[in-house]
Amino acid sequence: QVQLVESGGGLVQAGGSLRLSCAASGRTFSSYVLGWFRQAPGKEREFVAAITWSGGSTRYADSGKGRFTISRDNAKNTVYLQMNSLKFEDTAVYYCAAGPRMAWSQNEYRYWGQGAQVTVSS
């Protein structure tokens, strides 16, 4: 019902920047919240940021506040995660997700992208 296709992962040095993209489509897309989660090796998946598609309201985890910015391009049906001042601890697989409401928990997000590897070298 909602399909998510991610792109933009890669290798970056600490202090650098990277922008992830998530192209979304589906019948209920316009009413959904689009979020970013990440999962480092050996760790649980954690919330990064989210945005409501219709209103643009955002929410950030403390880990990314001041460094990460989530945004959307309605015309392109795409949500972005701009990551600046990257740290080694940001290294993880980043997942785009869609859910019916703004939430911190991954359990609230029904649809998921394939994941994009982000590696920050120190």
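Residue numbers start at 1 and run along the sequence shown.
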*Test ring-ring contact (aromatic ring centres under 6.0 Å, His included) applied to Tyr109 and Phe37, step by step*: CA-CA 10 Å; Tyr109 295 82; Phe37 290 77; 5.0 Å; yes
*Yes or no on side chain to side chain contact (heavy atoms under 4.5 Å, CB included) for Asn84 and Phe68, after CA distance, side-chain angles and deciding distance?*
CA-CA 6 Å; Asn84 298 326; Phe68 294 179; over 6 Å; no
*May I have the step-by-step check of side chain to side chain contact (heavy atoms under 4.5 Å, CB included) for Ser31 and Trp53, ending in yes or no?*
CA-CA 7 Å; Ser31 64; Trp53 186 255; over 6 Å; no
*Please walk me through it: do Glu108 and Arg101 pass side chain to side chain contact (heavy atoms under 4.5 Å, CB included)?*
CA-CA 7 Å; Glu108 299 291 337; Arg101 65 188 66 85; 2.5 Å; yes
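The hydrophobic clustering, which links ILVMFWY residues whose side-chain heavy atoms are closer than 4.5 Å, places Leu20 and Tyr32 together. When the side chains of ILVMFWY residues are joined at heavy-atom separations under 4.5 Å, either directly or via intervening members, Trp112 and Val33 end up in a single hydrophobic cluster.
Looking at residues two or more places apart in sequence or on another chain, you find a side-chain contact (heavy atoms from CB on, under 4.5 Å) between Val12 and Leu86, Val120. Partners of Ser121 by side-chain contact (heavy atoms from CB on, under 4.5 Å), not counting sequence neighbours, listed by chain and number: Leu11, Gln13.
Shortest non-hydrogen contact noted between Tyr80 and Asp73 is CE1-CB, 3.8 Å.
Results of the side chain to side chain contact (heavy atoms under 4.5 Å, CB included) test with Leu34 over Ile70, Val2, Leu4, Thr52 single out Leu4 as the only residue that passes. The residue from Val93, Leu18, Asp90 that alone fulfils the side chain to side chain contact (heavy atoms under 4.5 Å, CB included) condition with Val118 is Leu18.
Within the 4.5 Å cutoff, side-chain heavy atoms of Gln82 are placed close to those of Ser17. Contact annotation: the side chain of Thr91 approaches that of Gln117 to within less than 4.5 Å [non-hydrogen atoms, C-beta and beyond]. For the pair Gln114/Tyr95, no side-chain contact is recorded, criterion being any heavy-atom separation below 4.5 Å from C-beta on. Proximity of Leu81 to Tyr94: side-chain heavy atoms (C-beta onward) are separated by under 4.5 Å at one or more points.
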For residues 44-51, please give each side-chain donor-acceptor pair under 3.5 Å, one per line with the distance, not counting sequence neighbours.
from: Arg45; atom 1: NH1; to: Gln106; atom 2: OE1; distance (Å): 3.3
from: Glu46; atom 1: OE2; to: Arg38; atom 2: NE; distance (Å): 2.6
from: Glu46; atom 1: OE2; to: Arg38; atom 2: NH2; distance (Å): 3.1

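A donor-acceptor pair shorter than 3.5 Å can be found between the side chains of Gln1 and Tyr111.
The closest donor-acceptor contact from the side chain of Gln39 to the backbone of Ala92 lies at 3.5 Å or more, if one exists at all. Within the 3.5 Å criterion, the main-chain N or O of Cys22 finds no donor-acceptor partner in the side chain of Glu6.
For Glu89, the CD atom is densely surrounded, since the number of other residues' heavy atoms within 6.0 Å is greater than 12.
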